[in-house]
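Sequence lines set the chain letters: A, B, ... in the order given, protein chains first and strands last, and positions in each chain run from 1.
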Amino acid sequence: MDIKEKTELSSLIIESLDGNITPERLRRLDQLLSQDPDAVEHYVRHLRIYSAFVRRGQIYFDTHKADIRNMELWDELAEYEKNAPTVEIETPEPEKMPVEMLKIEKGPRVINKFSLFSAFISAAAAVLFMVIYVKYVPTAASSVATIEDSVNAQWSPSEYPTKVGERLWNNEGTRWLQKGMVKIAFDYGAEVIIEGPAEFKLESPDKMYLSSGRLYSTVPARATGFIVQTPYSTIIDLGTEFGVKVDFDGSTDVHMFKGKASLIPGSVGEKKEGVEILASQAKAVNVNSRVQEIALEAGGFVRKFDSKAGLLWRGESLNLADIVGGGDGFGTGRQGQGVNPYDGAVLSEVGSLALPKHKKAIYQRVDEAGFIEGVFIPDGGFGRIPISSRDILSDCPDTSGSMNIPIMNGLSEILKKVETVPEISLQGQRWESKDSPVILLHTNAGITFDLQAMRKAMPGVAVGRFSSLAGISETIGDVGTRKDAKAEMWVILDGEIKFRRGVRADAPIAYEIDLALSEESRFLTLMTTDGGDGVETDWCLFARPRLILE
Amino acid sequence: MGDLQDKRRHNNEQHARYIELLMGNMDSIYRYIVSMVPRAADADDILQETSKLIWEKFEEYQTGTNFKNWAITIARYKILNYYRSMQRNKVKFSSQTIDAISDYLAEHQEDDGRDLELLQECLSKLTAKDRELIQQKYAQKITTKHLATRFGRSVSGLYGTLARIQRVLIDCVQRSLRSEGFIR
């Protein structure tokens with residue numbers, strides 16, 4: 001292969017590894033590899049170098065930036081020089097230094113520093129330097145991490161870096177974050193969020209010491225082996241996400257959210273047997289190095305934050321009822337607020353609506369509400385109906401095309417006062433508060449959520465699953481005028497029907513929905529249609545509707 | 001009670017051995033996986049699943065045999081499942097390409113790591129700007145899009161630059177190996 005072909009191949013490989021390759025470019029890459037053995041050879045060599053770059057301990061990038069800050073080294077050398085015997089010898093040129101001395105280090109190369117002052121010392125002192133340098137190699141100063149982000153961070157007075165983008169070194173001693181939080185990216189891949197007040201020390205590109213405070217660690221598989229040490233334990237990551245809390249007496253709690261890790265109780269130097277912590281487990285180590293099981297604190301740690309996006313996420317799910325109520329999904333929405341499926345208008349404290357029937361199926365964009373892409377009144381009598389800005393549903397049954405209750409977060413106060421409106425309940429439980437969120441989706445109505453908009457607002461957070469109870473309210477039989485009212489409830493993902501069930505007022509059943517989503521999933525639609533018998537008493541509910549985030 | 005203590009001790013010993021062997025061979029296992037799977041994020045997921053399956057099957061591993069080869073066999077099983085379960089629109093190679101890569105890897109077993117030592121030296125021969133770009137891309141994990149903005153380049157232009165640097169490093173390592181008498 002010539003230079004041009006090799007460069008083209010390397011470009012295709014890098015795009016592919018990034019996940020940014022177009023289908024056409026992937027076909028080109030595949031064609032090259034399947035037809036040319038030289039291309040396969042270049043490909044494997046490229047991946048070997050890539051692997052060395054991203055795996056810990058293989059390659060050091062700071063080849064000319066290493067700065068010997070350990071002044072003890074200079075002091076010892078100066079002390080020796082005072083008492084060293086006189087030796088007549090030529091001052092050696094840097095290139096004439098013994099080969100053994102240039103091959104001492106396993107860590108960051110400091111060839112430039114070495115050659116610089118070797119011109120100023122006698123040969124005997126140079127031998128001493130070699131001995132001292134070997135002794136100090138394991139703790140040679142190097143930069144090991146970067147401050148990626150911070151929110152309201154206040155540090156103890158320090159001359160060391162504290163600003164976003166600055167590099168952190170392993171010889172800066174204990175850092176004290178008095179308040180706020182900081183996100184630190186270690187060079188070998190681990191990312192750690194530290195919440196103040198906290199005291200910690202960075203030891204290497206894959207190791208840190210937490211004296212007190214709270215941190216959450218995200219370690220991709222290629223950075224496996226990341227270590228967090230505390231006064232009475234050592235946690236070795238095996239490809240995980242976990243939280244660590246250290247109290248002022250040094251006792252440590254470890255909460256495992258993903259993957260697994262090895263927990264070795266005892267302080268440095270003590271020998272204790274390690275135990276495994278698996279996902280959804282939590283363990284505590286006390287000052288006597290005793291390990292015990294504790295309850296997992298699901299919301300106990302900040303797992304993601306992004307100061308620019310205004311994101312702060314402690315692992316909560318996204319509440320879709322809260323979003324219908326004008327909120328951000330984390331509890332800022334209003335009870336009784338909703339959306340008019342006829343025109344997409346956001347409504348607060350509204351009762352029933354008297355709406356004309358559409359002459360054709362219309363999908364209304366809801367620009368105000370952010371995560372809600374649009375709403376519509378489903379009526380298959382128009383043929384295929386739009387259910388998002390992109391998807392069309394061809395299986396919608398012919399409905400009355402009318403509706404008179406807005407899509408709502410719980411019940412508005414106005415509606416609660418109407419005699420024919422029931423206390424909505426499902427599985428024997430009332431649903432209409434922040435702790436029992438519910439989307440009231442009286443027929444005929446549909447609402448489409450934009451998952452991509454959510455991902456954009458929460459960088460680094462994946463939308464993993466949709467979970468909800470679905471059913472018709474159990475209490476309408478007492479107050480509704482149609483005790484045998486029928487309806488259908490639907491869940492549609494990117495135009496594909498994932499859930500479709502008939503429900504009846506006189507035989508209410510609550511269905512558990514648990515739908516996996518992929519990173520390509522875009523539009524999630526919840527829809528209800530009358531069962532062919534009109535809209536009366538069709539109090540359909542999606543209870544505890546949430547998107548489980550990861 | 002004695003049996004329970006023995007069982008716990010055995011589990012802890014197995015666990016310690018598992019960690020030692022896995023950590024000692026993780027680089028080789030990762031290199032194999034990332035060579036067979038075109039997308040780095042998918043390779044990470046497969047590495048995680050492989051590590052988990054290695055632990056589940058650890059009782060089957062015979063002490064003294066080649067752990068790396070045994071672990072790579074498990075990785076190969078996970079890679080096969082990955083290709084089988086992939087949706088149509090996902091990034092993946094054709095079966096001819098997978099066979100070609102797999103055959104090459106089988107014929108060219110791991111060496112003594114001399115090429116990685118030479119890579120360190122070749123890295124120091126790059127210009128400071130090229131080295132800074134590589135460090136920000138791979139060590140600091142800044143996305144190509146952000147790097148393009150930082151360096152004032154288009155994204156496609158930056159991919160070209162990264163590819164040039166990569167090609168230069170590969171050629172430098174190969175030249176150095178040939179001059180030392182390693183035939184590659």
[X] side, atom [atom1]; [Y] side, atom [atom2] - distance, nearest 0.5 Å:
{"X": "A:Glu15", "Y": "B:Ser156", "atom1": "CD", "atom2": "OG", "value": "8.5 Å"}
{"X": "A:Ile14", "Y": "B:Leu158", "atom1": "CD1", "atom2": "CG", "value": "9.0 Å"}
{"X": "A:Ser51", "Y": "B:Ile29", "atom1": "OG", "atom2": "CD1", "value": "11.5 Å"}
{"X": "B:Arg167", "Y": "A:His42", "atom1": "CZ", "atom2": "NE2", "value": "8.5 Å"}
{"X": "A:Thr224", "Y": "B:Leu22", "atom1": "OG1", "atom2": "CG", "value": "7.5 Å"}

Is [X] in contact with chain A via its backbone, its side chain, both, or neither, using a 4.5 Å heavy-atom distance?
{"X": "B:Leu162", "result": "both"}
{"X": "B:Lys137", "result": "side chain"}
{"X": "B:Tyr18", "result": "side chain"}
{"X": "B:Asp103", "result": "neither"}

As a quick check of understanding, evaluate ring-ring contact (aromatic ring centres under 6.0 Å, His included) for B:Tyr138 and A:Tyr50, giving each step before the final call. CA-CA 8 Å; B:Tyr138 294 113; A:Tyr50 166 80; 5.7 Å; yes

Side chains of A:Lys6 and B:Asp171 in contact at under 4.5 Å (non-hydrogen atoms): yes

Side chains of B:Arg31 and A:Leu47: does their closest heavy-atom pair fall under 4.5 Å? no

Backbone N/O of B:Phe93 and side chain of A:Asp30: donor-acceptor pair under 3.5 Å: no

For A:Leu12, does its backbone N or O pair with a side-chain atom of B:Tyr159 as donor and acceptor, under 3.5 Å? no

If you draw a 6.0 Å radius around [atom1] in [X], do more than 12 non-hydrogen atoms from other residues or ligands fall strictly inside?
{"X": "A:Leu278", "atom1": "CG", "value": "yes"}
{"X": "B:Glu56", "atom1": "CD", "value": "yes"}
{"X": "A:Arg390", "atom1": "CZ", "value": "yes"}
{"X": "B:Glu20", "atom1": "CD", "value": "no"}
{"X": "A:Glu293", "atom1": "CD", "value": "yes"}

Taking side chain to side chain contact (heavy atoms under 4.5 Å, CB included) as the criterion, tell me which of B:Asp115, B:Leu119, B:Ile170 meets it with A:Arg48. B:Asp115

For [X] and [Y], work out which heavy atoms get closest and say how close.
{"X": "B:Thr144", "Y": "A:Asp18", "value": "OG1-OD2, 2.7 Å"}
{"X": "B:Met23", "Y": "A:Gly225", "value": "SD-CA, 4.1 Å"}
{"X": "A:Ser11", "Y": "B:Ala163", "value": "N-CB, 3.3 Å"}

Is A:Ile236 close to chain B through its backbone or its side chain, or both, or neither, when contacts mean heavy atoms under 4.5 Å? neither

Okay, A:Gln35 and chain B: the region with an atom under 4.5 Å from a heavy atom over there is neither

Working note: B:Gln135 + A:Phe53, criterion side-chain contact (heavy atoms from CB on, under 4.5 Å); need CA distance, chi angles, decisive distance, verdict. CA-CA 8 Å; B:Gln135 179 181 12; A:Phe53 282 159; over 6 Å; no

Between [options], the one whose heavy-atom pairs under 4.5 Å with chain A are most numerous:
{"options": "B:Gln166, B:Gln96, B:Gln48", "result": "B:Gln166"}
{"options": "B:Val34, B:Ile46, B:Ile19", "result": "B:Val34"}
{"options": "B:Ser35, B:Ser95, B:Ala100", "result": "B:Ser35"}

Per-residue tally against chain B (heavy atom, under 4.5 Å) across A:Thr240, A:Leu17, A:Leu9 peaks at A:Leu17

Decide, yes or no, whether a salt bridge links B:Arg39 with A:Glu519 under the criterion of side-chain N to carboxylate O below 4.0 Å. yes

Are A:Thr7 and B:Arg164 close enough that a side-chain donor and a side-chain acceptor fall under 3.5 Å? no

